[in-house]
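Heads up, the thing below is written out as structure tokens.
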Amino acid sequence: MRRLRPRTAPTPLPASSALPARFMPSARPRPSAFSAPCVRSVLSGLAALTSLALLATGCADVEGLQSEGRARDVDAPLVLWPHYSPAPPRRDENPAALVPVPHVPRIPSGSMADAKPLAVLDADITAQGETPPAPKAVRRPELHDLTGDGKPDLLMAVNLDPRNSELRVYSVRDSVVTRVLVLRGVLAGVELAAGHLAIREPTKDPRYVSVIDYLWDGDSMGLWNLTLDDARTSQTPQPGGGSP
């Protein structure tokens with residue numbers, strides 16, 4: 001082991017051996033090794049080294065995430081029969097086509113609350129060359145403003161069989177009763193929210209239903225959105241505002 005020698009007081013120098021004044025320590029304090037300019041220089045150097053290290057490690061960030069390499073190539077889908085496209089729908093195939101209902105009185109008030117719901121439904125179906133449904137197959141009429149004019153429109157639903165049904169929506173356009181929407185299918189739910197008419201239909205996957213939102217765009221009931229929803233999502237029924 002290294003032995004430590006006891007410290008003794010320094011022997012004073014004789015006057016004759018005193019150092020010249022130019023070799024005497026100055027009264028001015030020596031600069032600190034960690035003065036502000038020195039600290040700034042060290043920090044700048046560390047920042048530069050950190051940037052180089054990040055580039056060298058393949059985009060690693062402070063949380064330790066690292067690049068897994070080049071992304072896989074994605075091939076474009078193979079289009080079958082690319083030169084074929086279906087013809088556009090006819091007017092009678094457009095569910096949102098505006099169709100005046102013949103043989104019903106005009107409504108100067110502009111409110112479908114002044115119309116007779118069953119008479120409107122029967123006249124509309126008859127004009128299409130079909131037989132009006134039995135009254136027991138018609139659900140209770142509903143009156144709600146879907147066109148944003150502050151006046152109620154008429155919603156009618158007909159049960160075609162135990163699974164399929166048909167929805168028809170009527171509004172007053174220039175005092176004329178006009179059908180603004182007709183939908184036929186498996187209507188698992190019909191909902192209203194913020195002016196939107198949402199139609200829920202089952203898909204081939206029993207876990208999901210498709211939800212189609214229709215919204216009045218000033219001229220017609222346009223398809224606003226199409227989404228998938230959980231078929232098991234519970235729906236809270238709200239009291240209807242319709243009147244027979």
Side-chain angles (χ1 to χ4, degrees), residues 88-161 164-201 210-227 235-244:
R90 301 188 305 269
R91 176 178 173 80
D92 58 353
E93 295 177 336
N94 181 5
L98 303 186
V99 180
V101 180
H103 311 303
V104 294
R106 297 172 66 88
I107 302 181
S109 66
S111 172
M112 285 301 300
D114 296 335
K116 296 181 178 180
L118 288 178
V120 171
L121 179 65
D122 290 350
D124 186 23
I125 294 177
T126 300
Q128 291 183 294
E130 301 178 6
T131 302
K136 65 179 182 180
V138 180
R139 303 180 193 176
R140 183 183 68 175
E142 293 283 345
L143 292 169
H144 299 278
D145 180 17
L146 295 178
T147 56
D149 59 0
K151 299 177 182 180
D153 303 304
L154 175 64
L155 292 86
M156 302 287 291
V158 179
N159 299 323
L160 304 176
D161 55 49
N164 296 280
S165 54
E166 186 176 67
L167 173 69
R168 293 175 182 249
V169 181
Y170 301 96
S171 183
V172 178
R173 304 283 93 190
D174 297 328
S175 300
V176 177
V177 175
T178 304
R179 184 199 339 127
V180 297
L181 185 67
V182 57
L183 300 171
R184 177 178 293 192
V186 183
L187 306 182
V190 180
E191 304 169 357
L192 298 173
H196 292 238
L197 175 63
I199 308 298
R200 301 171 66 88
E201 296 186 81
S210 66
V211 183
I212 306 176
D213 286 342
Y214 290 91
L215 181 66
W216 182 259
D217 60 9
D219 297 313
S220 63
M221 291 292 294
L223 194 155
W224 185 77
N225 196 17
L226 173 61
T227 58
Q235 302 297 316
T236 302
Q238 300 292 334
S243 59

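In this chain, numbering begins with 1 at the start of the sequence shown. Fair warning: this is a prediction, and the values are worked out from it, not measured in the lab.
A distance-only check finds a donor-acceptor pair linking the side chain of Thr178 to the backbone of Val176 [under 3.5 Å].
Here the closest non-hydrogen pair linking Leu155 and Leu197 is CD2-CD1, 4.0 Å. For the residue pair Leu215 and Gly195, the shortest heavy atom distance occurs at CD1-O, 3.4 Å. Nearest heavy-atom pair, Gly150 versus Asp145, reported as atom, atom and distance to 0.1 Å: N-OD2, 2.9 Å. The minimum heavy-atom distance between Val101 and Val104, with the atom names listed, is O-CG2, 3.3 Å.
Checked against Leu187 for a side chain to side chain contact (heavy atoms under 4.5 Å, CB included), the options Asn164, Asn159, Leu167 give a single hit: Leu167.
Look at Arg173 and Asp149 and you find a salt bridge, because one of the NZ, NE, NH1 or NH2 atoms lies within 4.0 Å of a carboxylate O, short of that distance. Using a 4.0 Å cut-off between charged side-chain N and carboxylate O, Arg168 and Asp124 make a salt bridge.
Between the CG atom in Asp153 and the CH2 atom in Trp216 there is a gap of 8.0 Å [rounded to 0.5 Å]. Of the inter-residue distances, the one linking Arg106 atom CZ with Asp114 atom CG reads 14.0 Å to the nearest 0.5 angstrom.
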Open item on the list: One pair to check against side chain to side chain contact (heavy atoms under 4.5 Å, CB included): Glu201 and Ile199. What are the steps and the verdict?
Closed with: CA-CA 6 Å; Glu201 296 186 81; Ile199 308 298; 4.1 Å; yes
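Met156 places a side-chain heavy atom less than 4.5 Å from the side chain of Val138. A 4.5 Å side-chain heavy-atom check between Ile212 and Trp224 finds every atom pair outside the cut-off. Looking only at side-chain heavy atoms (C-beta outward), Tyr214 and Leu183 come within less than 4.5 Å of each other.
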